There are 2 protein chains.
Amino acid sequence: MISVLLVEDDLDLAATIVDYLDIEDIECDHASNGLMGFNLIQTNQYQMIMLDVNMPKMDGLTLCKTLREQGIDIPVLMLTARDSLDNKLEGFDAGSDDYLVKPFAMKELVARVQVLAKRKSGEAKYLTFANLSLDLTQRSIMAAEQTLKLSPIALTILEVLMRAAPKAVTRIEIMKTVWGEDQPDSNSLKVHIYNLRKQLEAATNQVKIETIPSVGFAIKLNEGELK
Amino acid sequence: MISVLLVEDDLDLAATIVDYLDIEDIECDHASNGLMGFNLIQTNQYQMIMLDVNMPKMDGLTLCKTLREQGIDIPVLMLTARDSLDNKLEGFDAGSDDYLVKPFAMKELVARVQVLAKRKSGEAKYLTFANLSLDLTQRSIMAAEQTLKLSPIALTILEVLMRAAPKAVTRIEIMKTVWGEDQPDSNSLKVHIYNLRKQLEAATNQVKIETIPSVGFAIKLNEGELK
DNA sequence: ATTTCCCTTAACCCTGCCTTAACCCCCTCC
DNA sequence: GGAGGGGGTTAAGGCAGGGTTAAGGGAAAT
């Protein structure tokens, strides 16, 4: 069963689309503005998303860009009445996968929706720092050609550090991304950092996790290794 | 560097496209008929393919269908002067991912090429991974020449994993595609994974289903098999 | 009606990760 | 010089998540 999201402020058009997709056995949620759409995307799993460009609260282009910035790469189809080349290019530039000009034939919409829903991001997403390479899609980390085995939490911490690299990340930030709301009381983070350091040291000497006193941590190149 | 293939019998148009893509830093091979194109696809790695519909030797639709039947899921963009709805639907039906009507703006072509090159088409009729081959039309799975008997659910799970291979798939995603909205309460998925693993192990040692702790599962090549 | 095959469920086991607490060091400030 | 705080190190224990197993029920097939 295909399940998709339509973000469109024209309620008549939206209803028509939802009905039509339903006939074709495509489950279609609907949001009437970009912000609502954004929230739905966070909480639900959709195979693809249709975005109207013109919308109150948050327009389609901005929403699309925001999604891509967050690393969400669900296929996006832009729906709009604007058919100039520049408008199209703007759409693709924002990270959309397809661009359909209103008015369109419902059958073409269905065909494109079905194609997009099956389409997968082909490439792996990596974070790299020195000889560390973190494959976000496989949740695995390699240091100099060899994969190392990290616990889920250690990996999350490393991910946060590598995303910010080489800038410092506060303890608060780390704790928030790892544990969210209810955090462990005590020095759990200390221990995780310690273990992470040990494992990194064993694997590579090009990188170190530096402590920024009373702030947090940062991952850096190891330059003091000149003995 | 993006590398793509253009299959087009109009040599003038072809030359224009190749030149233009070259400027945009896209390497573009050219075949002037379907058969030539087919051979090039077999021997080279392309990120996406542009197909003219009308061509001598083998037309674009047939070529596209042939590719999909062979389990090749490179994204395909149809280029044609035929702009009727039926023609478009025919194109999508043949397994293409996008459909652009001549004459088109070069910039739009470039945008669509770039988008497609980053994705994987989900249109293939076969999925293959190592010595596993899953026939989506017959819903049957072969491991090293011999078909094995999987329950419907096990097969769906394997399909999800193979589509994403070797990326990790979250539990949520698997559950969603298998059961949709009303999911079983308990550890049904665990049991299915367990059974699936057992059957895969019995059939081949080239592939394993790896657990990604607190995320989900991924199907991978079995490299530790060097005893 | 009977059989067969799945799918679900519940129960149990086990591994290894996470937390905790305790102790250490070093630096700074009193 | 001593106290206190921030950070590092260590080991132990609990526990949750994942793996394993078997039993029961329902649907399709015979």
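Lettering follows sequence order; numbering is per chain, from 1. Here the structure is a predicted model, which is why all the values come from computation and not from measurement.
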Just the table, please: protein N/O against nucleotides 20-30 of chain D N/O, every pair under 3.5 Å.
residue, atom, partner, partner atom, Å
D/dT21, OP2, B/Tyr194, OH, 2.2

Item checked: B/Thr211 side-chain N/O to D/dG19 phosphate OP1/OP2 under 4.0 Å -> yes
Ion pair present between A/Arg68 and A/Asp97, side-chain N to carboxylate O less than 4.0 angstrom? yes
(request) Establish, from distance only, whether the side-chain atoms of B/Ser214 and A/Arg139 form a donor-acceptor pair under 3.5 Å. (result) no
- request: Give a yes or no on whether A/Lys120 atom NZ has more than 12 heavy-atom contacts from other residues, nucleotides or ligands under 6.0 Å away.
  value: yes
Here the distance between atom C1' of D/dG19 and atom NZ of B/Lys208, to the nearest Å, is 17 Å
Q. Heavy-atom count around B/Gln42 CD within 6.0 Å, excluding the residue itself: above 12?
A. yes
### Query
Under 4.0 Å between a Lys/Arg side-chain N and an Asp/Glu carboxylate O for A/Lys102 and A/Asp52?
yes
- Using a cut-off of strictly less than 4.0 Å, decide whether A/Arg171 has a side-chain nitrogen or oxygen near OP1 or OP2 of D/dG6. no
Exercise. Can you tell me if B/Gln47 uses its side chain to pair, donor with acceptor, with the backbone of B/Ser3 under 3.5 Å?
Worked result: yes
Side chain to side chain contact (heavy atoms under 4.5 Å, CB included) with A/Leu79: of A/Val53, A/Leu6, A/Leu51, only one passes, and it is A/Leu6
Rounded to whole Å, NE2 of A/His192 lies from C1' of C/dA21 at a distance of 15 Å
Separation of D/dA16 atom C1' from A/Ile153 atom CD1, nearest Å, is 12 Å
Quick check on C/dC18: is either OP1 or OP2 less than 4.0 Å from any side-chain nitrogen or oxygen of A/Ser151?
yes
Rounded to whole Å, CG of B/Leu196 lies from P of C/dC6 at a distance of 14 Å
Whole-Å distance, B/Trp179 CH2 to C/dC6 P, equals 16 Å
Taken to the nearest whole Å, CD/B/Gln199 to P/C/dC7 is 10 Å
Whole-Å distance, A/Phe217 CZ to D/dG6 P, equals 13 Å
At under 4.0 Å between heavy atoms, what does B/Ile193 touch on the DNA or RNA strands: base, sugar-phosphate, or nothing? nothing
Separation of C/dC17 atom C1' from A/Leu189 atom CG, nearest Å, is 16 Å
